[in-house]
Amino acid sequence: MSPTLPHVRTRLSDLAAQAGVSTATVSRVLNGKPGVASETRQAVLAALDVLGYERPSTLRTRSAGLVGLVVPELTNPVFPAFAQTIESLLSEHGYTPLLCTQSPGGTTEDDYVDMLMDHAVDGIVFVSGLHADTQASHERYERLRSRGIPIVLVNGFAEGIDAPFVSPDDVASVELSVRHLVSLGHRSIGLAIGPDRFVPAQRKLASFAESLVRHGLVADESEAAQHVVVTLYTVEGGQAAGGELIDAGHTAIVCGSDLMALGAIRAARSRGLRVPQDVSVLGYDDSPLIAFTDPPLTTVRQPVNAMAHAAVSALLTEIAGERAPRSELLFQPELIVRDSTGAAPATGAPTA
């Protein structure tokens, strides 16, 4: 008996168990034989990847083309989540994704656009790009469309750009947050939000003002401004805004990102306050690992998976020469209640 056979058998059985198929089916896939359903074949290939085996060269599919994926910095975990999901979906359809990540002082979105055009990409997906900045020019997108390059814009709507848009419902996310905190008895609720030149922030700001009026927390929307701190979408930004809102007597803080919420929790603790007994903090995104913070963070989940599927579907439609809808697709967020929100303090505003 060949000494390599036990290893081969072990590998086949491991792959079969991982893929949920028989060893005979695994053997057919590895040998490139017909008669295996596409979904089953994908399950076996996924099992190869998960278990760390290199795919046989005969199973490596030829790239259908290159697709650019432009995302902001990767320090906010929600952006790697978008990138991973979109890249996976593109790969499933045979495309090779080119990931372009930005950082302060580094390669700009325009630099990436030039590079991607030089690589003759078949399309580009922009996540939270300059299309969301109300002060930015649309020239880069118009240039791409004039070259016939399909684009899809995620997170931020801009009138006049010839492209499909995919966004979460920012208005609904704040409504969910405020309603949850009001149900816990909070009457003094603050908002820590990122730069207000961006469309998602503007929508959240408007929704926050409307929600405060609806729940009788302020007399009119103009009063809502005193319950808002505009800062950066970072832990440090959240800490600064959280401290300001806590010092102003707020018992609950709605944050524009999970990272900001972690900063607001840090601000509360630096003042000797407990979360959620003294101050409730609510995030946004439901980033990976956020359920394991201390305390586990109550947050509004951005529907990353559904949005990524929609973005890739729209791009593939455009690449195929068909026209995807130009209206903005809005996806409903979900409130995820964990341990960073609780009943309002019985005595009202907390004191350090």
Taking all non-hydrogen atoms of both residues into account, name the closest pair between Cys255 and Val281 and its distance. SG-CG1, 4.2 Å
If only side-chain N and O atoms count, and only distance matters, is there a donor-acceptor pair under 3.5 Å linking [Y] with [X]?
| X | Y | value |
| --- | --- | --- |
| Gln302 | Asp285 | yes |
| Thr75 | Glu73 | yes |
| Thr108 | Asp111 | yes |

Report the residue from Asp258, Thr293, Asp286 that forms a side chain to side chain donor-acceptor pair (under 3.5 Å) with Thr299. Asp258
Test item: [X] side-chain N/O and [Y] main-chain N/O as donor-acceptor pair under 3.5 Å:
| X | Y | result |
| --- | --- | --- |
| His131 | Val154 | yes |
| Tyr284 | Ser173 | no |
| Ser27 | Thr23 | no |
| His309 | Asn305 | yes |
| Ser280 | Gly342 | yes |
| Ser167 | Leu330 | no |

Lys/Arg-Asp/Glu bridge criterion (N-O < 4.0 Å) met for Arg269, Asp278: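 Salt bridge flag = no for Asp278 with Arg269.
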Any Lys/Arg nitrogen of Glu210 or Arg203 sitting under 4.0 Å from an Asp/Glu carboxylate oxygen of the other?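 Looking at Glu210 and Arg203, the cut-off is not met.
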Is it true that atom [atom1] of [X] has more than 12 heavy atoms of other residues, nucleotides or ligands lying nearer than 6.0 Å?
| X | atom1 | answer |
| --- | --- | --- |
| Glu221 | CD | yes |
| Glu142 | CD | yes |
| Gln226 | CD | yes |

Heavy-atom check, side chain of Asn76 versus side chain of Ser257, under 4.5 Å: yes
